Every structure is written in structure tokens, then in C-alpha cells.
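First up is the structure itself, then whatever we jot down about it.
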Amino acid sequence: RTIEMRSPVPPAPMCPKETRVQSTWHIVVLPDKVLLESVTMSLDVPCGTMFNVISCDSFTMVDGKLKMSRSCGVEWLQSTWLKSMVEQNVPPQLKAVGERMVGVVTRWWEKAKSKQQEASKEA
């Protein structure tokens, strides 16, 4: 799936307060895990069309608990003098987004478990 949206930009020199974003998402369901990958380009930040931000979230069951791990990186499409600044600032932002994702998934997981327990009691 591909989405287009506007997203706030953390305060940085030469950057607007928000940017147009194009993001493509893939999901892969394997027997032992679910992978959620996003490839995102920010269109209005300096040199934003020269790279993609890629994140891959892996969801697995470990000892009856849902575990999420995230890997991320920058895919360079063109070279730019801002490369080191981008590579320095992108990972902390992706970590913050990942932490928010953990909160959302945790709330969903707890709600799903609760519904499953209620259904088993009624049966």
C-alpha cells in the first residue's frame, strides 16, 4: 500500500514545520513472525527526494509474549553534502516512532487477549 500525507518535521535548520510524505508499506506473514516494512520519502525537506527512510518491524511470540524489534536505515538515491546530518538525525526519529508503535500495538494486543479470554469464558 502507498499513502501520501503531511507530517510534522522536528525543528532543524532549513526545514519546514511539516512536509509532504510518500510512504509505501509491505507486510509479510511468515509461520514464526510478521514483518512490517515502510519505505518513506519526505518531499519538502532539504535533499528529501535524494533518500528513502526504511524501517522494518518484526513481530514474534517469545514465551507467550509479543516481541517487536525494529531495524532501520537510509537508502541513498543520490549523493548530497547533507548525508552525515541526515544519517545522524534519522535514527533517533525512527526510534521515537517505533516507541509510539509499541504503545499502539501493546494496547491492541491487550485488548485482543481480553476479548479472547471473554470469548473462552462464554463458551
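Start at 1 with the first residue, then count along the sequence. Everything numeric here is computed off the predicted structure, so don't read it as measured data. Note: hydrogens, waters and symmetry copies are ignored here, and every other heavy atom, side chains too, is used.
- Closest non-hydrogen pair, P16 versus V9, comes out as O-CB, 3.3 Å.
- Judged as a salt bridge (Lys or Arg N to Asp or Glu O under 4.0 Å), and not counting sequence neighbours, E87 has no contacts.
- When all heavy atoms of T19 and L43 are compared, the pair lying nearest together is OG1-N, 3.4 Å.
- For CD of Q116, the number of neighbouring non-hydrogen atoms (other residues, nucleotides, ligands) closer than 6.0 Å is 12 at most.
- By the salt bridge (Lys or Arg N to Asp or Glu O under 4.0 Å) test, K83 pairs with no residue at all, sequence neighbours left out.
- Side-chain contact between P10 and Q93 is present, with at least one heavy-atom pair separated by less than 4.5 Å.
- Side chains of F51 and L77 form no contact here, defined as non-hydrogen atoms less than 4.5 Å apart.
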Identify each donor-acceptor pair in which a side-chain atom of residues 33-42 lies under 3.5 Å from a protein atom, sequence neighbours left out, and give them as a table.
residue: E37; atom: OE1; partner: H26; partner atom: ND1; Å: 2.8
residue: S38; atom: OG; partner: S55; partner atom: OG; Å: 2.9
residue: T40; atom: OG1; partner: S23; partner atom: OG; Å: 3.0

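- The shortest distance between side-chain heavy atoms of W76 and V86 falls below 4.5 Å.
- Under the 4.5 Å side-chain heavy-atom criterion for Ile, Leu, Val, Met, Phe, Trp and Tyr, I27 and V97 are members of distinct hydrophobic clusters.
- Interatomic distance, E4 CD to Q22 CD, rounded to the nearest 0.5 Å: 5.0 Å.
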Result block: side-chain N/O donor-acceptor pairs under 3.5 angstrom for residues 58-72, not counting sequence neighbours:
residue: R70; atom: NE; partner: D57; partner atom: OD1; Å: 2.6
residue: R70; atom: NH1; partner: L94; partner atom: O; Å: 2.8
residue: R70; atom: NH2; partner: D57; partner atom: OD1; Å: 3.3
residue: R70; atom: NH2; partner: D57; partner atom: OD2; Å: 2.9

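- Connection of L30 to V105 is not established within any shared hydrophobic cluster, with ILVMFWY side chains joined at heavy-atom distances below 4.5 Å, either directly or through further cluster members.
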K95 and V90: CA distance, side-chain angles, deciding distance, side-chain contact (heavy atoms from CB on, under 4.5 Å) verdict: CA-CA 9 Å; K95 180 182 179 198; V90 166; over 6 Å; no
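- With side-chain heavy atoms closer than 4.5 Å counting as contact, directly or through intermediates, V104 stands alone and belongs to no larger hydrophobic cluster.
- Connection of V28 to W25 is not established within any shared hydrophobic cluster, with ILVMFWY side chains joined at heavy-atom distances below 4.5 Å, either directly or through further cluster members.
- Legend: residues meeting side chain to side chain donor-acceptor pair (under 3.5 Å) with T2, ordered by chain and number and at least two apart, are T24.
- We find the CD-NZ distance between E110 and K113 to be 4.5 Å, quoted to the nearest 0.5 Å.
- A donor-acceptor distance shorter than 3.5 angstrom exists from the side chain of T106 to the backbone of V102, with no hydrogens or angles considered.
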